[in-house]
Amino acid sequence: MCWIFAYVWTEDCRKNLVEWLRMLEYRWYDSAGLICVWEEKEIFLEKAVGRVSALASKVDEKIEKEKNEQSWLFTSWIAHTRWATHGGVTESNTHPHYSGSQRFYIVHNGIIENYKELKKSLETKYTYYSETDTEVVAKLIEDMYDGNLKSTIEKVSEKLTWAYSLAVIDVQHPEHIIAIKLWSPLIVWKGENGVYLSSDINALSQLTESFTILEDNEMVVIESKKYHIYMAWERVQREAEEVGEVSSMSELWDFSSFTEKEIFEIPSILENVFSGRINFEEKIIHNETLEVLAEEEIEKICIIASGSSSFAWWVGGYFFRKYAGVPCETIISSEFLADIFLPEKKTLYVFLSQSGETADVRESMKIVKAKGCKTFGIVNVVGSTIARMSDAWLFSHAGIEVGVASTKNVIAQVGVLLLMALSFGSKRNLQISEIRDIITELASLPDKIQEVCLKAPHIRKLSEKYAHYKHFFVLWRNMMYPVALEASLKIKELSYVHSEAYSAWELKHGPLALVSPEFPTIVFNPSGKHYHKTISNIEEVRAREGKILGFISKNDTHKEVYTDCIELPDTSELLSVFTSLTASYLFALYLAEKLWRDVDKPRNLAKSVTVE
Ligand code: F6R
């Protein structure tokens, strides 16, 4: 699904090849492949199943073996890391794919929905070696080749249905690379020694802060050290854009994984989220985007997202109702797409996405925009598609997230949603004194999270104690609901252990039947108005010999009901959302580590889901 390409004219790019490949490793990793073509039309094709590092070792080995035998001035290369959609994780399904005569090589990000019909139409002419949709496009290019690769790709693209970005090399003309995009992201940058192309902003942002982001249906023709962009056969003049704030790929330092490091970064991420948006001295929300938005005639908020981002919006929904008195509907993006959209002009449609590229979120936004409704993006990756499509936006300022499971960004999103709700509230009925109290509390939030992080050894011990269980219940009430859903998701995705989030209220309407000594229950029970009712629910579980792990506040008065507990700093119910989430991330992480899971790259998952 994801690829990066670099085109180099005068440089020996051997060491860069491997370096650039590693920049993509954090995203997709089922398999990876590359092809380099140099002046004499020699090709260097390598593929490997597994991590990018497996490909990198193969490339290293090959380079070492052939050292000094040739000059290795590559004209061009395309590389790809694959997250399997069509066909299993095998070397033959790994990109680049090639045409019948092996003249055209292609890498592709996306899905070609009509590939079966296309495959059938070419069946008598070509033998297929893979199960992929991409190979069909390679064959189609050869079949339709009219002597000019650019016009051929234009014609081929008219035959393709659905989202893709693809890049093609013609071995007969290695001085050219042509790429085209529809929906899937694609960016291009002219560096000192050549032109670089990537489907991942974070990867290229390691090299530059300014690049050209291709629009849908645009084609880029890279030739020697320059590139030209075309739209519907016409040349388009476009300068590279300063993307401004770019995250740098982080170092692991002494942490056992990027996921752990990213959880420990949460205090400083929250400082980023508040910086320039809260005036702590005057105790006011101070941000132009939010102020303009809060003045608008908005009667309802509709928040759309998927996965962990969708749990952040869920918390946001409570904030909007509670602090702004604005009705807030929250919808999973894929369900939004499946449903009938009835546009409401006075509704603000908020889209949450870490990557800014998630296909269902992006497609939902297109539907909303097409009906002339106002969109607002909360996105982490600067320059991403969703950020660019939004009428207005705020960045979540979480920095690059290397761990596939989102952690620090979810908390950053919750922070941004809280500021938005307070800003709306300030223009409506929220008392100034209440805003001031919340801001006073928020000033201490990074320190409170730090306190949670200091509990890591205790949390690790408990994770290890619970690591032999095959199932977990995660119970919640009210604002803790999304926290429980998110905690449960993290347990599933990091440790591959079954976990179910359930309302503590709902338990006795059916799921209580599952409770047994072998089915422990995790409970989020901070102090607040639901505290005592949750204690009653815990007693019901205890009466069935269920074990209880409580995420509770330090001053909890019923500690005896829990089998074990993780004591969190005393905070208001509002801030306990942040502290509980952080603690739950540590619990899921250490549970997974105890089970020897690869926490940064959980099986079957991709960091950025660019296909529906
Ligand atoms: C889970 C996780 C995913 C993402 C989801 C949306 O830990 O990371 O559930 O939250 O794929 O991704 P974004 O936020 O990039 O739209």
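Start at 1 and go down the list; that is how both ligands and their atoms are numbered. Any value given below was found using the heavy atoms of this structure, including those in side chains, with hydrogens, waters and symmetry copies removed.
Of the possible polar contacts, one joining the Lys492 side chain to the Ser499 backbone as a donor-acceptor pair under 3.5 Å is found. Judged purely by atom type and a 3.5 angstrom limit, Asp564 has no side-chain atom pairing as donor or acceptor with the backbone of Leu549. Looking only at distances, a side-chain donor or acceptor of Asn380 sits under 3.5 Å from a matching main-chain atom of Gly399. With Glu262 contributing its side chain and Val402 its backbone, the two residues share a donor-acceptor pair below 3.5 Å.
Comparing Ser406, Ser306, Ser384, Ser308 by heavy-atom distance to atom 9 (O) of ligand 1, the nearest is Ser308.
Every atom of ligand 1 is numbered from 1 in the order shown, and the set under 4.0 Å from a heavy atom of Gln354 is 13 (P), 14 (O), 15 (O), 16 (O). For ligand 1, the atoms sitting less than 4.0 Å from at least one non-hydrogen atom of Val404 are 8 (O), numbered in the order shown with element in parentheses. When each atom of ligand 1 is checked for a heavy atom of Ala405 under 4.0 Å away, the hits are 7 (O).
Of the candidates Tyr318, Trp476, Phe311, Tyr481 forms a ring pair (Phe, Tyr, Trp, His ring centres under 6.0 Å) with just one, namely Trp476.
Distance CD1/Ile304 to CD1/Ile386: 10.5 Å, rounded to 0.5 Å.
Protein heavy atom at the shortest distance from atom 7 (O) of ligand 1 is Glu493 OE2, 2.5 Å. Among all protein heavy atoms, the one lying closest to atom 11 (O) of ligand 1 is Val609 CG2, 4.0 Å. In terms of protein heavy atoms, atom 12 (O) of ligand 1 is closest to Thr358 OG1, 3.4 Å.
Taking distance alone, with nitrogen or oxygen atoms compared against 3.5 Å, Ser309 approaches ligand 1 more closely than that limit.
Counting heavy atoms under 4.0 Å from ligand 1, residue Lys490 touches it through the side chain alone.
Taking the six-membered ring where the residue is Trp, Phe264 and Phe255 present tilted rings, their angle falling between 30° and 60°.
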